Amino acid sequence: MRIESILDGLNDQQREAVECVEGPLLVIAGAGSGKTRVLTHRIAYLIGHCGIPPESILAVTFTNKAAREMRERVEKTLGDQAEGLWLGTFHSTCVRILRRDIGHLGRSRGFVIYDDTDSLGVVKESLKRLNLDPKEYDPKRYRWRIDQWKNDGMLPAKAAEAAFDIDDELAVDIYTEYQKVLTDADALDFGDLLLLTVELFRTHPEVLAHYQRRWHYVLVDEYQDTNRVQYELVRMLANQHNNICVVGDPDQSIYAWRGADIRNILDFENDYEEAKVIKLERNYRSTQPILAGASAVVANNAERHEKTMFTEREGGDLIRFFEAVDDREESQYVIREILGKNRREHRPYGDFAILYRTNAQSRSFEEELLKYDIPYTVVGGVRFYDRAEVKDVLGYLRLMVNPADDQALRRIVNRPTRGIGKTTVDKSSNLAFERGLSLLNGLAAFAETAPARSANKLRDFLGMMGRLRDEFSARPVDEIINEVLKVSGYLAALEKEGSSDAENRIENLKELVISAEDFHIANVDNPDTERSELELFLDQVALVSDLDSYDHQTEVVSLMTVHSAKGLEFPLVFLVGMEESIFPHASSSRDAAGLEEERRLCYVGMTRAMEHLTLSYAGERRRYGGINYQTPSRFLNEVPEELIEGVASRGARTRDQTLDDYSQSDGFDYDYNQEAAEDGSVQPGMRVRHSVFGTGVILSSTGEGLNQKLKIRFERAGVKTVMVRYANLELV
């Protein structure tokens with residue numbers, strides 16, 4: 001392949017990163033600097049120009065969406081030459097390794113993958129086995145503690161060595177029992193996928209050597225987000241050839257709460273003495289004011305790599321700052337701006353994103369969007385595969401594959417209702433524990449001594465599951481799902497209910513069947529000789545993340561937390577709730593490390609904006625059932641004054657300042673055309689059009705010129721009082 005076609009369109013720094021083939025390489029890729037482009041072109045360069053076999057390359061990233069995008073770009077460049085390339089997430093890569101080699105650890109290759117809901121159920125079961133009351137010992141707290149240990153690469157024995165008090169020792173006991181429950185169910189949670197792969201490599205060097213011989217080149221995306229166990233995994237795999245390329249940005253490390261360790265990227269040059277460092281500092285996303293403002297904020301952090309981001313995009317609006325009296329006015333302003341730009345500038349709603357620090361902040365914005373019939377989506381809500389009816393059907397599929405999957409059985413044994421209640425399940429569970437059986441076999445054992453009515457219901461259920469497993473497991477997945485819906489009575493129960501909620505659930509199940517059909521079509525020509533299509537489908541579903549399901553739509557406003565927005569971009573961004581204790585969040589501002597992560601999060605939020613960025617703050621906010629008086633975020637003061645538009649003073653407003661006082665401030669310029677008001681022509685009786693409220697008639701007016709207050713009866717919104725300065729009125 002001609003080298004020019006691979007390197008075409010790359011800037012000097014990107015080209016240098018692509019052509020640096022041998023040895024350790026750290027690419028510091030600032031926001032919007034084209035890191036995905038560098039990774040994909042580097043893979044194409046290794047294969048297409050250097051002649052390296054694709055099966056000798058391992059590329060890992062954090063989301064299936066990113067992996068899919070990278071693969072599509074590589075295949076577009078190389079075509080069939082890319083066949084054999086290992087490109088996927090950390091978790092999907094580890095699943096493939098464990099499916100082949102977990103037998104070395106004495107575990108079955110047929111394991112199921114437990115999600116967060118399943119793992120919480122395992123914690124509850126562990127507490128029960130240890131005679132601990134879940135009301136006193138919070139299951140969520142211990143699940144978090146176990147997850148932290150796994151992120152740090154610690155199995156129960158190692159965690160026990162590190163325990164330093166009684167509470168830690170109790171947590172270790174729960175962790176130990178938790179792993180036993182998982183083993184009994186032939187299941188792994190997400191932490192196990194990584195931890196057991198590292199344990200496999202550590203205890204069986206010959207297995208590690210196999211993969212080291214296979215992968216001569218290792219590429220890692222978003223390296224700043226790796227935790228300790230991911231760091232160990234990458235280091236082990238790259239140790240033989242030392243051809244490791246990591247791409248990331250310390251200024252975008254925002255996942256410490258889930259185990260990410262910023263030291264991994266900051267210490268890369270210490271870990272690999274011959275490492276070369278290349279900085280991608282040209283931004284292709286944002287205008288210079290946005291980029292300069294965000295860079296000025298994050299520059300206040302100490303734990304970072306110095307870099308100077310720039311863009312060749314000329315001009316660009318200054319960063320707008322809006323200081324609202326309260327959270328209600330904040331949401332009204334944001335929605336008014338969206339609606340106004342949609343109507344005046346014909347901006348599609350998909351151009352807008354409202355970003356906030358916590359999910360709870362979405363409520364007031366949703367209410368305003370609903371009021372004006374503006375379509376929107378909340379990213380980070382219940383993902384498709386977490387919807388109750390979808391999880392129910394997946395529970396049937398999981399139990400067909402793995403009869404020892406107790407969590408799946410508990411979920412579906414009485415869905416739809418078939419007269420097998422909690423008492424029956426608990427008694428069967430106790431019997432199973434006493435005899436060392438799975439819960440499914442516990443149900444069968446209990447049926448032998450249970451009253452006839454209960455016994456018959458249990459036998460009917462067990463017979464149904466046996467029939468599904470024996471007769472349908474080898475069929476295409478979409479056919480299996482349709483059969484489950486029919487044989488279980490699940491679909492019939494929803495149809496009988498007949499409510500609008502039931503109809504929505506049926507629609508979701510139809511979508512699940514379509515998803516299965518698509519999977520069958522995609523895999524029909526690539527059969528796995530060792531595992532069934534059903535098993536492969538369940539693996540794919542288990543590894544889908546929240547952001548994988550995000551589909552940017554041109555006619556929908558996006559609402560999401562800043563964490564969820566990472567990796568996305570929008571022409572117009574509103575970063576709201578810029579107040580102390582909210583952003584930076586109170587729980588993350590107690591130490592220097594936490595505050596620096598909050599500042600990096602602010603940097604990420606600001607750099608999602610391509611053309612326009614608005615930062616907003618509310619002087620009063622309803623929180624915890626009362627009114628809180630808020631203080632502007634310290635991050636606002638870190639944005640240089642010359643980059644801010646519309647701020648007369650960034651000092652805190654006094655509590656007794658009224659909305660009238662505030663609205664007469666000359667600190668804001670909404671770019672509204674008020675020619676009619678300036679010449680005194682706005683009078684009672686006139687028909688006017690408001691950008692938000694629509695058409696109406698002026699009832700009365702007070703004041704003069706731009707400071708006029710008008711009482712208007714709108715046809716759609718009723719009587720409203722507006723100020724001419726900000727109302728953007730048009731004479732009809």
Side-chain angles (χ1 to χ4, degrees), residues 320-342 349-382 556-565 570 572-586 601-602 605-606 608-609 612-633 635-636 646 652-653 655 657-660 662-663 668 670 690-694 714 716-718 720-723 726-727:
R320 176 163 289 181
F321 172 71
F322 181 74
E323 183 181 15
V325 169
D326 54 29
D327 50 346
R328 182 181 178 188
E329 190 193 24
E330 179 186 44
S331 58
Q332 289 173 340
Y333 166 76
V334 170
I335 305 314
R336 183 175 67 211
E337 285 290 291
I338 291 174
L339 192 57
K341 288 185 179 296
N342 170 259
Y349 286 125
D351 279 5
F352 301 92
I354 303 173
L355 309 183
Y356 34 77
R357 178 61 179 83
T358 62
N359 281 306
Q361 293 171 255
S362 73
R363 180 191 57 79
S364 61
F365 297 98
E366 290 189 69
E367 289 175 356
E368 289 297 315
L369 288 162
L370 288 169
K371 185 185 298 183
Y372 299 110
D373 298 322
I374 299 175
Y376 70 92
T377 182
V378 179
V379 180
V382 179
V556 174
V557 176
S558 294
L559 282 72
M560 67 188 82
T561 65
V562 183
H563 280 105
S564 296
F570 300 89
L572 300 97
V573 168
F574 296 87
L575 189 54
V576 301
M578 297 295 294
E579 300 143 34
E580 290 294 311
S581 81
I582 292 181
F583 204 175
H585 197 275
L601 188 60
C602 181
M606 294 175 72
R608 299 311 94 194
H612 303 276
L613 172 63
T614 298
L615 308 175
S616 65
Y617 143 74
E620 297 177 5
R621 188 172 295 275
R622 287 163 290 176
R623 300 180 74 196
Y624 314 118
I627 299 295
N628 284 17
Y629 297 103
Q630 301 296 106
T631 302
S633 169
F635 301 150
L636 295 173
R653 189 176 59 258
R655 295 179 183 179
Q657 194 171 6
T658 66
L659 177 57
D660 287 345
Y662 168 72
S663 62
F668 299 93
Y670 296 145
H690 187 278
S691 62
V692 173
F693 302 127
F714 292 100
R716 181 160 60 94
K720 302 285 184 182
T721 299
V722 301
M723 273 199 80
Y726 307 119

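Worth knowing before you read on, the calculation uses all heavy atoms, side chains too, and leaves out hydrogens, waters and symmetry mates. Bear in mind that the values here come from a model prediction, so they are computed numbers and not experimental data.
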request  = Please list, chain by chain and in numerical order, all residues satisfying side chain to side chain donor-acceptor pair (under 3.5 Å) with R328, sequence neighbours excluded.
outcome  = none
inquiry  = Is there a side-chain contact (heavy atoms from CB on, under 4.5 Å) between M560 and L355? Walk through the geometry before answering.
reply    = CA-CA 5 Å; M560 67 188 82; L355 309 183; 3.5 Å; yes
query = From I338 CD1 over to Y376 OH, what is the distance, rounded to the nearest 0.5 angstrom?
reply = 12.0 Å
task = Go through the steps to decide whether K341 and F352 satisfy the test side-chain contact (heavy atoms from CB on, under 4.5 Å), and finish with yes or no.
result = CA-CA 10 Å; K341 288 185 179 296; F352 301 92; 3.8 Å; yes
query = Looking at M578 and C602, what are the two nearest heavy atoms and their distance?
reply = CE-SG, 3.9 Å
Heavy-atom check, side chain of D327 versus side chain of F365, under 4.5 Å = no
key: Residues that S362 engages under side-chain contact (heavy atoms from CB on, under 4.5 Å), provided they are two or more places apart   = Y356, E366, L559
key: Test item: E579 side-chain N/O and A618 main-chain N/O as donor-acceptor pair under 3.5 Å   = yes
key: Euclidean distance, F321 CZ relative to L636 CG, rounded to 0.5 Å   = 5.0 Å
Nearest-0.5 Å distance that lies between atom CZ in R621 and atom OG in S364 = 7.0 Å
inquiry  = For a quick check under 3.5 Å, do T358 and Q361 share a side-chain donor-acceptor pair by atom type?
reply    = yes
key: Stepwise side-chain contact (heavy atoms from CB on, under 4.5 Å) check, Y349 with V556   = CA-CA 5 Å; Y349 286 125; V556 174; 5.7 Å; no
Smallest separation among heavy atoms of F583 and S633, with atom names = O-OG, 2.7 Å
ask   = What heavy-atom pair brings Q630 and S581 nearest, and what distance separates the two atoms?
value = NE2-OG, 4.1 Å
message = My understanding is that only one of I354, T614, V562 makes a side-chain contact (heavy atoms from CB on, under 4.5 Å) with L575; could you say which?
response = V562
ask   = Got a second to check how far D326's CG is from E620's CD, nearest 0.5 Å?
value = 6.0 Å
request  = Flag the pair R363 and E367 as a salt bridge only when some basic side-chain nitrogen lies within less than 4.0 angstrom of an acidic carboxylate oxygen.
outcome  = yes
inquiry  = For a quick test of reading the model, state the closest non-hydrogen atom pair linking E368 to S331 and the distance between them.
reply    = CG-OG, 3.7 Å
key: Listed partners of S616 passing side-chain contact (heavy atoms from CB on, under 4.5 Å), at least two apart   = F322, E330, V576
note = In terms of heavy-atom contacts, F570 and S558 come closest through CE2-OG, 3.8 Å
inquiry  = Minimum heavy-atom separation for R357 and I582, please, with both atom names.
reply    = CG-O, 3.0 Å
query = So do the side chains of F574 and E337 get within less than 4.5 Å of each other, counting heavy atoms only?
reply = yes
